[in-house]
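Here is the structure we will look at.
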Amino acid sequence: MPVTREDVLHIAELARLGVDAPRADELTKELSAILSHMEVLSQVDTATVPTTAGVAAGGTPLRPDVGVPALMSGTLASFAPKMRDGFFIVPRLATHEDSSESGA
Amino acid sequence: MSVDNYTQLGAAQIAPGVRAGKTSPAEMIRASFKRAADIGGGPDELNIILHADENASLEEAEQMQARIQSGTDIGVLAGVPVAIKDNIASLGLPTTCGSKILRGYVSPFEATAVARLRANGALIVAKTNMDEFAMGSSTENSAYGPTRNPLDVRCVPGGSSGGSAAAVAAGITPIALGSETGGSVRQPAAFCGVVGVKPSYGRVSRYGLVAFASSLDQIGVLGRTVDDAALGLESIAGFDKLDSTSSDADVPIYRLAALGKPAPEARNPDTEAIRIGRSPVPLPPPPGPTTLEGVVIGKPKEYFPDSLDPDIRRMCDRALDRFRSMGATVREISLPRSPLAIPVYYILAPAEASSNLARFDGVRYGLRVDPGKGLKAMYEATRSEGFGPEVTRRILLGTYVLSAGYYDAYYKKAQAVRTLIADDFRAVFTSGVHAIFTPTTPTTAFPIGAISDPYEMYLNDIFTVTANLAGVPAISVPIGRVRRLPVGGQIITAHFDEYAMFRVAYALEAGLGAEAHQ
């Protein structure tokens, strides 16, 4: 199985997704099954093949290097979960509990 | 033109009628909402529409009527009701991407494609259901429940633009916008018996399309006819300084392709009038033995495997016979790397998605779940609560293939094979082939709940995903029915050759006539 339970928990942390134990087991199986279908690519010789990151035919047109104003019909506060004095308010970066978990 | 047969009216019939005062924008709005109510487009039945506001739409229609009466040129889509997939930002109605994480979110800006529709006189009447963040092929992954296929309510409408395809198939609007990353306009168009077009990458601005996989995403158009799809695409295509990947290549008048001539020969003295909608392009001439004279249609063997459903093969063979009877040459071709497209796509698209969807973190907009344990816990709680199972699966898959130790083996490898897939298309189109014809999907619409294995669901995209990887335009056109369910035929052309694509599509539609829906 190409993906282990530890892999799932690791990438879930990287992606900031909480995954409980039963779901981690399911995802281990699901991701392994999906990735097993990708193995076919390893048989393709791509040693001299350039990679493709985009398919904009003829390249992308250049435009003057000036900022474009963001025209918004409403204020940030109309959709932000929490704002004060024009700033987005978020929880503290770390609590004592976080600190003890990371050993900091 | 009578509003009594609203569900049969194309945009190209509605707009001249509205402009001439034979009907009013408000009548069109009322007809659209009545049709949605009659057929059960709301959440308790077909679940096609996620957001709509009849009073606001009527108010907009009244304002348009006043402008018409004052002699203002309203545009080529005057008074045409249009539905928009819920991942395309629109003012006035929410944009939720079929996700809990954006429940109730109303964008403070509008997508360029939507703004251009409005500038051409369209009336935006509804936001349509979709697979969450466009991740799916059945519209079963919506946080707001599955959409049902209007042609058989036991079946899915396809996805991820299932709500838009169903809205058009049900007669709620003649045109709808969808979006494509791997076939999400063409596949539901095929399942619902309508026309669905994905333009070349760069042809339509992505500004305001909520990003899934930015190197693949394109806004597309669904219509009941090729003519409506052409009119819709013509209205939204073209350069936009707000999208750095949009092309500044000229946009032809696609509807002239109905004349069955190559672009330089498709002259019409009333060209300017056509652009502003005063003089509809004539309907395609009855297909004759020279309609497609000189056109070479490629039939790629990889898209007609021995395992293909024999009934779908039969429908495709009938379409190919029509091409031949109209003077086209059908040539056997090969796109040898196409069988690798699904593995390539399901590495690249989740990788890009894992990055794009990082923005949904509960800080600036959308859902926030704060368990009171600091910022990181807020991120995790918000995203775990807000994203559904398929989105979670794809974010994790994308994170995995981009992570240290796997990047070269998966992501970089897939990017290289993508080059080979695009090379296959280039080779075919430079060998004298003007258009490629394939089935759009390997099956007809399947029952809701029938597919539970994720990879089996991914295989729905097997014939469509290559056009996204190569960036070329493609259209799905109805070519018949199997066991009373629609079958779509796909026409693919070279980069920015939408004109040739529409020419072949118009001819096929006219050549099949009523058989396209039998």
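Below, each value reflects all heavy atoms present in this structure, side chains not excepted, and no hydrogens, waters or symmetry copies. All chains are named by letter (A, B, ...) in the order of the sequence lines, taking the proteins before the strands, and each is independently numbered beginning at 1.
- A distance of 7.5 Å separates CZ in R63(A) from CZ in F239(B), rounded to the nearest 0.5 Å.
- Note: K376(B) NZ to R92(A) CZ = 15.5 Å, rounded to the nearest 0.5 Å.
- For a residue to count as touching a neighbouring chain, one of its non-hydrogen atoms must lie under 4.5 Å from one of that chain's; by this rule S200(B) does not touch chain A.
- Put simply, the side chain of V3(A) reaches to within 4.5 Å of the side chain of Y400(B), judged on heavy atoms.
- Contact tally against chain A (heavy-atom pairs below 4.5 Å) for R393(B), R203(B), K241(B), M378(B): the top residue is R393(B).
- Checked by atom type, the side-chain pair K412(B)/T51(A) shows no donor-acceptor distance below 3.5 Å.
- N468(B) touches chain A through its backbone: at least one of N, CA, C or O sits under 4.5 Å from a heavy atom, while the side chain does not.
- Contact annotation for D248(B): both backbone and side-chain heavy atoms come within less than 4.5 Å of a heavy atom of chain A.
- Top candidate by heavy-atom pairs under 4.5 Å with chain A, chosen from P454(B), A358(B), S244(B), G202(B), is S244(B).
- For L27(A), the part sitting under 4.5 Å from any heavy atom of chain B is the side chain, from C-beta outward, and nothing else.
- Taken from OG in S403(B) to CG in D7(A), the straight-line distance is 7.5 Å, to the nearest 0.5 Å.
- Remark: side-chain polar atoms of R383(B) are paired, donor with acceptor, to backbone N or O of R16(A) under 3.5 angstrom.
- Shortest non-hydrogen contact noted between V49(A) and A416(B) is CG1-O, 3.4 Å.
- Separation of atoms CG (D243(B)) and OG1 (T60(A)) is listed at 9.5 Å; rounding is to 0.5 Å.
- For the side chain to side chain contact (heavy atoms under 4.5 Å, CB included) with M38(A), the qualifying choice from L340(B), I342(B), I347(B) is I347(B), the only one to do so.
- Contact of A249(B) with chain A is not made at all, since no heavy-atom distance falls under 4.5 Å.
- Heavy-atom distances place the backbone of S42(A), and not its side chain, under 4.5 Å from chain B.
- The neighbour count for D250(B) CG, taken as heavy atoms of other residues, nucleotides or ligands under 6.0 Å away, does not exceed 12.
- Both the backbone and the side chain of P389(B) come within less than 4.5 Å of a heavy atom in chain A.
- By number of non-hydrogen pairs under 4.5 angstrom with chain B, the leading residue of L14(A), I89(A), T75(A), V19(A) is I89(A).
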task: Would you please test R418(B) and V55(A) for side chain to side chain contact (heavy atoms under 4.5 Å, CB included) and show each step?
output: CA-CA 10 Å; R418(B) 182 179 187 179; V55(A) 285; 3.6 Å; yes
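- Ranked by heavy-atom pairs shorter than 4.5 Å toward chain A, the options Y365(B), F109(B), Y105(B) are led by Y365(B).
- Expressed to the nearest 0.5 Å, how far CG of L35(A) lies from OH of Y346(B) amounts to 14.0 Å.
- Of the two parts of E26(A), neither the backbone nor the side chain holds a non-hydrogen atom closer than 4.5 Å to a non-hydrogen atom of chain B.
- Put simply, of A53(A), A80(A), P61(A), the one with the most heavy-atom pairs under 4.5 Å next to chain B is P61(A).
- Formation of a donor-acceptor pair under 3.5 Å by the T419(B) side chain with backbone atoms of T52(A) is found in this model.
- With a 4.5 angstrom heavy-atom cutoff, V472(B) does not touch chain A via any of its atoms.
- For S384(B) (side chain) and G18(A) (main-chain N/O), a donor-acceptor pair under 3.5 Å exists by modelled atom type.
- Only the side chain of L242(B) has a heavy atom closer than 4.5 Å to any heavy atom of chain A.
- Here the shortest heavy-atom pairing between S73(A) and S107(B) reads OG-O, 4.4 Å.
- Residues K413(B) and T46(A) have side chains in contact (heavy-atom distance under 4.5 Å, counting atoms from C-beta outward).
- To the nearest 0.5 angstrom, L396(B) atom CG is 11.5 Å from H10(A) atom NE2.
- Residue contact with chain B, scored on non-hydrogen atoms closer than 4.5 Å, involves the backbone and the side chain of F79(A) alike.
- Ranked by heavy-atom pairs shorter than 4.5 Å toward chain B, the options R23(A), E13(A), E39(A), M72(A) are led by M72(A).
- Chosen from A15(A), G54(A), S78(A), G74(A), the residue pairing most often with chain B at heavy-atom distances under 4.5 Å is A15(A).
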